Amino acid sequence: MGTINYFCFKLLIVFTATIPSSPTIPQDLFKAIADLKKELNGVILAHYYQEADIQDIADYIGDSLGLSQQAASTEADVILFAGVHFMAETAKILNPNKLVLLPDINAGCSLADSCPADKFSEFKAQYPDHIVISYINCSAEIKALSDIICTSSNAVKIVQQIPENQSIIFAPDKNLGRYVIEQTGRKMILWDGSCIVHETFSEKKIVQLKVQHPQAEILAHPECETHILRHADYIGSTTALLKYALKSPSSEFIIATESGIIHQMEKDAPEKLFIPAPPEGNCACNECPHMRLNTLEKVYLALKNRTPQIIIPESTRIKALKPIEKMLAMS
Ligand code: 13P
Ligand code: SF4
């Protein structure tokens, strides 16, 4: 070996020896995750906005209501929640003695973040005779300040059950709030929050798409703004949109919600065409940047290392549990 080659060889040994050892990621992540799940008596609950691979390894895929119902009834010891923080938090509120894992602890939610607990307390204090109905997309602290929780699939039904003479604050999503007001005819005080993903859609581009696909039905989530919802043939939660698309005789759909749902739509109805509603900019803004922080690799690592786990102070959990239980009873 020449002097230079020998020097390079020695350098390589020193360099390799100083690299911190990273955890080995198995080649077959699907099998490794299935094995770990069995070992832990774990269950994987996933939202439709997760990447396709995560949806494919999940034991249950659903909307926020379905996922809460699954979390409330599961017999597993470990819940891996493939979704965002408020969803895993809800599972933990319902299951204080179970280990609840979130693959990426930074998977938050712009809508939940738009409603900080201190500001919301001040807001609530201005309306002492109002009850608070909060969309599940909020922190445990906001849930603890609420009377009833709702999701996009039961918000209308829950508001309809409130006596006419009872005034209501609805938080944190103003778009869902406006939609519920329109559907129920109830006046409600709205918190000024919204979701970055559902406010990204371009009305102009959707109308242009509809010209190119005149037979397509437009399906929209109620977190979208009014000027998008007014073009929709059907409005509903992610599960409701999926069920509608499968049942409808139409063969083309424009989907105005996070594009992850299209994976299930294409799996369940491969003969139909699902077109994601385009965002304003030239970006993938119809993918939730928080939801997409989770990856298959992080699912594996979370199960293997039993971390990151959700921890909630018991006093907050007890207060947050009541409005969630009310929602489950009223759904
Ligand atoms: P659903 O799960 O109720 O359809 O709501 C979608 C959502 O934004 C979840 O973050
Ligand atoms: Fe939050 Fe919107 Fe992402 Fe849902 S899609 S998790 S509401 S930011």
Side-chain angles (χ1 to χ4, degrees), residues 45-51 54-55 58 60-71 81-91 102-116 133-139 142-143 149-158 170-177 179-180 191-201 219-225 228-229 232 234-245 255-265 276-277 279 283-294 324 327-328 331:
L45 307 182
H47 193 271
Y48 293 115
Y49 297 165
Q50 292 293 282
E51 64 173 40
I54 296 183
Q55 292 189 38
Y60 176 84
I61 319 167
D63 66 2
S64 304
L65 178 63
L67 289 164
S68 310
Q69 288 166 331
Q70 287 293 319
F81 213 114
V84 288
H85 196 272
F86 76 80
M87 295 178 169
E89 220 174 32
T90 305
L102 182 64
D104 189 317
I105 203 67
N106 296 315
C109 166
S110 69
L111 177 53
D113 290 348
S114 72
C115 193
I133 301 183
S134 292
Y135 188 32
I136 198 162
N137 301 34
C138 64
S139 65
I142 297 295
K143 289 185 176 78
I149 299 302
C150 70
T151 73
S152 65
S153 59
N154 60 18
V156 169
K157 190 174 172 186
I158 284 179
F170 189 91
D173 189 18
K174 63 180 175 191
N175 294 318
L176 176 63
Y179 172 72
V180 174
W191 176 263
D192 186 14
S194 59
C195 156
I196 42 164
V197 178
H198 289 88
E199 287 203 331
T200 199
F201 298 114
L219 312 188
H221 194 279
E223 281 179 30
C224 292
E225 293 168 285
I228 300 296
L229 293 182
Y234 181 78
I235 298 168
S237 76
T238 43
T239 297
L241 298 183
L242 174 63
K243 283 187 181 159
Y244 182 89
I255 308 297
T257 190
E258 214 272 5
S259 56
I261 184 77
I262 292 179
H263 177 62
Q264 282 308 310
M265 290 174 167
C283 54
C285 312
N286 54 358
E287 282 186 7
C288 174
H290 310 288
M291 286 276 183
R292 303 304 179 112
L293 282 177
N294 295 328
I324 296 174
M327 170 189 82
L328 293 172
S331 294

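Ligands are counted one by one from 1 in listed order, and the atoms in each one are counted from 1 as well. Just so it is clear, the structure is predicted and the values come from calculations on it, not from any experiment. In this chain, numbering begins with 1 at the start of the sequence shown.
- The N/O atoms of S153, backbone and side chain alike, include none that comes under 3.5 Å of an N/O atom in ligand 1.
- Taken from SG in C195 to NE2 in H290, the straight-line distance is 8.0 Å, to the nearest 0.5 Å.
- One N or O on the side chain of Q50 and one on the backbone of M291 form a donor-acceptor pair closer than 3.5 Å.
- Residue contacts with ligand 2 include E223, since one or more of its heavy atoms lies under 4.0 Å from the ligand.
- Across all non-hydrogen atoms, the minimal contact from C288 to V197 is CA-CG2, 3.5 Å.
- Numbered from 1 in the order shown, with element, the atoms of ligand 1 that lie under 4.0 Å from a heavy atom of N137 read 7 (C), 8 (O), 9 (C), 10 (O).
- Summary of contacts: the protein heavy atom closest to atom 1 (Fe) of ligand 2 is C109 SG, 2.4 Å.
- Residue-ligand proximity, D63 to ligand 1, at heavy-atom distances under 4.0 Å covers atoms 1 (P), 2 (O), 4 (O).
- Looking only at side-chain heavy atoms (C-beta outward), D63 and T151 stay at 4.5 Å or farther from each other.
- Contact record, C224 with A256: SG-O, 3.3 Å, taken as the closest heavy-atom pair.
- Of the heavy atoms in H221, only side-chain atoms (C-beta onward) come closer than 4.0 Å to ligand 1.
- The protein heavy-atom contact nearest to atom 2 (O) of ligand 1 is H47 NE2, 2.7 Å.
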Practice item. Walk me through it: do S331 and N154 pass the test side-chain hydrogen bond (donor to acceptor under 3.5 Å, both in side chains)? Key: CA-CA 6 Å; S331 294; N154 60 18; 2.9 Å; yes
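- Taking 4.0 Å as the cut-off, H290 counts as a neighbour of ligand 2 on heavy-atom distance.
- Put simply, the side chain of Q55 gets close to the backbone of Y48: a donor and an acceptor are under 3.5 Å apart.
- At least one N/O/S atom of C195, whether from backbone or side chain, sits less than 2.8 Å from atom 2 (Fe) of ligand 2.
- Interatomic distance, Y179 OH to D173 CG, rounded to the nearest 0.5 Å: 13.0 Å.
- Here V84 has no heavy atoms under 4.0 Å from ligand 1, in either its backbone or its side chain.
- Regarding atom 8 (O) of ligand 1, its nearest protein heavy-atom neighbour is E223 OE2, 2.9 Å.
- Numbered from 1 in the order shown, with element, the atoms of ligand 1 that lie under 4.0 Å from a heavy atom of T238 read 1 (P), 2 (O), 4 (O).
- Here the closest heavy-atom approach between residue T238 and residue I261 is recorded as O-CD1, 3.6 Å.
- Atoms of ligand 1 lying under 4.0 Å from at least one heavy atom of Y135, given by number and element, are 5 (O).
- Looking at every heavy atom in both residues, H221 comes nearest to L229 through O-CD2, 3.4 Å.
- Proximity of Y48 to ligand 1 is not established, as no heavy-atom distance is less than 4.0 Å.
- The minimum heavy-atom distance between I136 and S64, with the atom names listed, is CG2-CB, 3.8 Å.
- Closest protein heavy atom to atom 1 (P) of ligand 1: S152 OG, 3.5 Å.
- Using a 4.0 Å cutoff on heavy atoms, M87 counts as a contact of ligand 1.
- Counting protein heavy atoms only, atom 3 (Fe) of ligand 2 is closest to C288 SG, 2.4 Å.
- Those atoms of ligand 2 that come under 4.0 Å of a heavy atom in S110, given as number and element, are 8 (S).
- The distance from ligand 2 to the heavy atoms of N137 drops below 4.0 Å at these ligand atoms: 7 (S).
- Ligand-side atoms of ligand 1 in range of S237: 4 (O), range being under 4.0 angstrom from any heavy atom.
- Considering only heavy atoms from C-beta on, I228 stays 4.5 Å or farther from H198 through its side chain.
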